[in-house]
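Computed from heavy atoms alone, side chains included, the values below leave out hydrogens, waters and symmetry copies.
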Amino acid sequence: MAPDMRVGPFDPAASPGQKQTGYTVSGMAWYRKVFSAFNPEEKKGSSLWIRFDGIYMASTIIINGKTSKDMFFPYGYTTFAVDATPYLNTSGTNVIAIHVNASGSNSRWYAGAGIFRHVSITTLNSLSFDRNEGISPGVLVTTPASKIDVTAKTADTRFTVAINNKMETSKELIVRFNVSGVESRSVKITANKSTQTETFTEMHLTDVKLWGPEHPFLYSVTVELMDTDNTLLDVVQSVFGVRKLEFDSEHGFRLNGVTTKLYGGCVHHDNGPLGSKAIARADERRVMNLKKLGYNAIRTSHNPVSPAFVEACDKHGVMLMEEAFDCFSAGKNADDYHLYFNNSWRSDIYRMVVRDRNHPSIIMWSIGNEIPIRNSPLGVDYAHQLVQKVKELDSPEFGRAVTSAYPGVGNQADPYLNELDVAGYNYSPQRYQLDHQRNASRVIVATESFPDQSYTYWEGVWNNSWVIGDFIWTAIDYIGESAIGGNGYNTPDLEACGGYCPQGFAWHDSYCGDIDIVGLRKPQSYYRSVLWNVSELEMAVHEPVPPGQQEVVASWGWPDERQTWTWPSVQEGFNMSVNVYTRYNSVSLYLNDKELGTQSVSEASQFTANFVVPYEKGTLKAVAKDKNSKMQAEKEFTTGSNKPTKLQLDSDQQELTTSRDDLAYVVATVQDEDNRNVVSAVDVVFSVEGEGELLAVGSGKPDDLTSFYAGHRNTYRGHVVAIIRPTGKPGVIQIKAQCSDEKLECSSSGAASLSITTKQA
């Protein structure tokens, strides 16, 4: 392919960010929409708010040709809203125009460009609840940690609202608080004219169901604003959870009184083939996929995420470290957020914290990642100011901690880290013991770690109370930082990779995650399942290394392993490297029922047994045994013919709502005559009929430049994924998939099909 040829969003000649942004392009754009609204002359005191959950980046809002300095929003990741009322026409329709400037080198990863999260409009009466500049749910729910009795199952929770009275007279009002299934209570207030009046109620909750990873119980509060004649004027609603957070070096992190380690991963905001589109189901699926693999925590690297992502963490019991920035006033790219930081950080911290502080999943706020000026007095001063601003908006009495990620920790880090409640260590496990001796009260969390050093990092977490968890870089592959997990061989020498292997275009994703960009597992996740005691036994076969070569694993890479014994290009007798992962005492390996050997497994071997196996078609089986040599688990791979005979379709959902925020992920697997996966690449074509559309098609292959919207793609290690979106109407969606090569049996055997129903939301 010519280096200046554009394919879909990829263009190596036109991309300012090059490999950092996955060779994607962006630039400037205009949006324009006509909308109807009330006549501000006729409805004095009413207001119309337009809320944007994310526009990347430097957006200017113009309504009916008018704007102001307060309608410029430089950061791309925080939710903001504009009060359109002063700009509304007194008759006819209105026009909103939005200018977005995402040009230049503005990110270290693929950020997307333009309006990539939801937009909503809210009309408020002259008497209404305040929404904190249009970004909060309108009711603040707070439960001090000291007011939660885990043993007695009680908690004292406060519900606070503010009423805006834009009338020219004071008004007697009733505020009714209703906590679903708990209690309903009314408060009478006088809302003074042309001002804001705050009120609250406290409820003593009994038989409390605590929120946590195993039982993520959510309460719901609805608050109604009524006139004295019970006329409903406004209503707000919020979910919340009750959980007790405590951080100290002696006990580590305690959730509801129980010491809890954070089994975490870093996650960027993109949704793979969807780009940066924040469709609720796509965000929820990422959270669910990680929860299934044993993750109980996510770090939102390196920016606030969509509301749907936070809601999914609430629902599924995943704890969040929500991060604010990747830089302060000194940047990492010429056109990034540092240009606006001095004037905007207070507003953006406000928008992050105020939007999300009711969510029980958030246990820590992070003010930033690897801040370039972290070792300077200015950087330390900024850290102090940001921490204080967070605590002003979310009091420490509610239990959350404030952190920040610091790379290569040494003594020089002390001034910066001392400003934090929890010190974030990137790639610094060698400092855990030393820094505890120097500062016994410091609480540490590994905010980033290398995949192939996972055992070392987790040994440091398990053995030290003051190290509360580890966040692997990364949990999920993402577009950009291309090939940081791509391995190489020792040509011309072992230093060829220079820390990572500089794969060129067409590599466009990081390839460093436990899960690929379409949500399927990668080899390192199988080891982590054993390491975290989620799985009893896993087996991996290493891709054959060319003669005379040696694999060089990238810093963020993992050895090129596969979960298969189908190797069509390998000659019989070729020595294959097989790793077996287990926490049991020993492992025996068999090939075609012949025992090849038994090895002891322990912490000293990092729960790994390695065997060299001369390749022979058949069944490779690993058996894990306890200390009494009794079999406890087994895993086997059987060689397939690798002949593409048929397609198997599997959907993560059999029924969708009609909401456009819902999605189905359909995995197409090419199989042989014995239902075994075909490892060779096969082009699969999708078609969709009925009440659905084919939104995107993708695979985990990091250098496949086929457009995500082409409707077809080669399988990668047996699989390709289609993303289906409902049209918004109830009915049936029919998905068909077929091998495009007519010479293959999986083409002549006919299309595989799958039906999904859609029902009214």
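- The aromatic ring centres of Trp473 and His268 sit less than 6.0 Å apart.
- Taking the ring axis of Phe80 as reference, the NZ or CZ atom of Arg51 does not stay both within 45° of it and closer than 6.0 Å to the ring centre.
- Between His338 and Phe328, the distance separating the two ring centers is not shorter than 6.0 angstrom.
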Lys19 and Asp509: CA distance, side-chain angles, deciding distance, salt bridge (Lys or Arg N to Asp or Glu O under 4.0 Å) verdict: CA-CA 9 Å; Lys19 68 184 302 175; Asp509 89 30; over 6 Å; no

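- Lys701 forms no cation-pi arrangement with Tyr511, by the criterion of a distance under 6.0 Å to the ring centre and an angle within 45° of the ring axis.
- Remark: the Thr727 side chain and the Glu691 side chain contain an N/O donor-acceptor pair separated by less than 3.5 Å.
- Between the side chains of Asn333 and Ser105, at least one donor N or O lies within less than 3.5 Å of an accepting N or O.
- There is a side-chain donor-acceptor pair under 3.5 Å between Ser306 and Asp283.
- Under a cutoff of 6.0 Å and an axis angle of 45°, Arg286 and Phe309 do not form a cation-pi pair.
- Using modelled atom types and a 3.5 Å distance limit, the side chains of Asp53 and Thr79 yield a donor-acceptor pair.
- Classification of the Tyr56-Phe116 ring pair by plane angle, with boundaries at 30° and 60°, yields perpendicular.
- Here Tyr75 and Phe341 keep their ring centres 6.0 angstrom or further from each other.
- For the residue pair Thr78/Asp348, the side-chain donor-acceptor check at 3.5 Å is satisfied.
- With Asp661 contributing its side chain and Ala280 its backbone, the two residues share a donor-acceptor pair below 3.5 Å.
- For Phe450 and Tyr427, the distance between ring centers is under 6.0 angstrom.
- Ring geometry, Phe10 versus His508: the interplanar angle falls from 30° to 60°, so the pair is classed tilted.
- Counting only N and O atoms by type, the side chains of Asp336 and Asn106 include no donor and acceptor under 3.5 Å apart.
- Under the rule for a ring-ring contact (aromatic ring centres under 6.0 Å, His included), the partners of Phe72 that lie at least two apart in sequence or sit in another chain are Tyr340.
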